[in-house]
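Written out below as C-alpha cells is the structure these notes cover.
Please read all numbers here as calculations on a predicted model, not as lab measurements. Ligands are counted one by one from 1 in listed order, and the atoms in each one are counted from 1 as well. When a residue number appears, it is its place in the shown sequence, counting from 1.
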Amino acid sequence: MVNWVKACDASNVGSGELYGFDYDDKKILLANLDGKIYATDRICTHAEADLSTGILSEEGIRCPLHLSVFNLENGKPQNPPAEESLKTYNVKIDKNEIYVEV
Ligand code: FES
C-alpha cells in the first residue's frame, strides 16, 4: 500500500543540506543534492552511525564514522567498510512540502 508521509517543508532542506526525521521506527535521511531531494535510511549499515551528520557530495552521502560513501539513487556503498546498501525511498514535493513514500 502506498503511504506518503510528510517529512518537512522544502525550506528545511536547502541545496547541499541534510535533514533527518523519524516515522514510526524508521529513521530517514533527506539529502538535497543540486536541488534534487533524495531519501534513504539514516542509519549507516556498517556500525549504525547517524548519516545526518555525514558529508554530502556529488558521490553521495559519506558516513561520518568510517567514511563509506553511499549512492543516493540506489543506496549502494561505494567503498568499504560498509557492504550493505541503504534502503531508498521515493520522494515527492507538493506545495513546498516534502513527502516520502514509506
Ligand atoms: Fe558508517 Fe562504519 S558506521 S562506515
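No donor-acceptor pair under 3.5 Å is formed between the side chain of Arg62 and the backbone N or O of Gly54. Side-chain atoms of Asp24 do not come within 3.5 Å of backbone N or O of Lys26 as any donor-acceptor pair. Between the side chain of Asn71 and the backbone N or O of Asn74, at least one donor-acceptor pair lies under 3.5 Å.
Around atom CG of Asn96, no more than 12 heavy atoms belonging to other residues, nucleotides or ligands sit under 6.0 Å away.
The minimum heavy-atom distance linking Asp50 with Ile43 is given by the pair CA-CD1, 4.3 Å.
Residue-and-atom listing of protein N/O/S atoms under 2.8 Å from atom 1 (Fe) of ligand 1, sorted by chain and number: Cys44 SG, Cys63 SG.
Here Asp41 does not pair with Lys87 in a salt bridge; the nearest charged N to carboxylate O distance is not below 4.0 Å.
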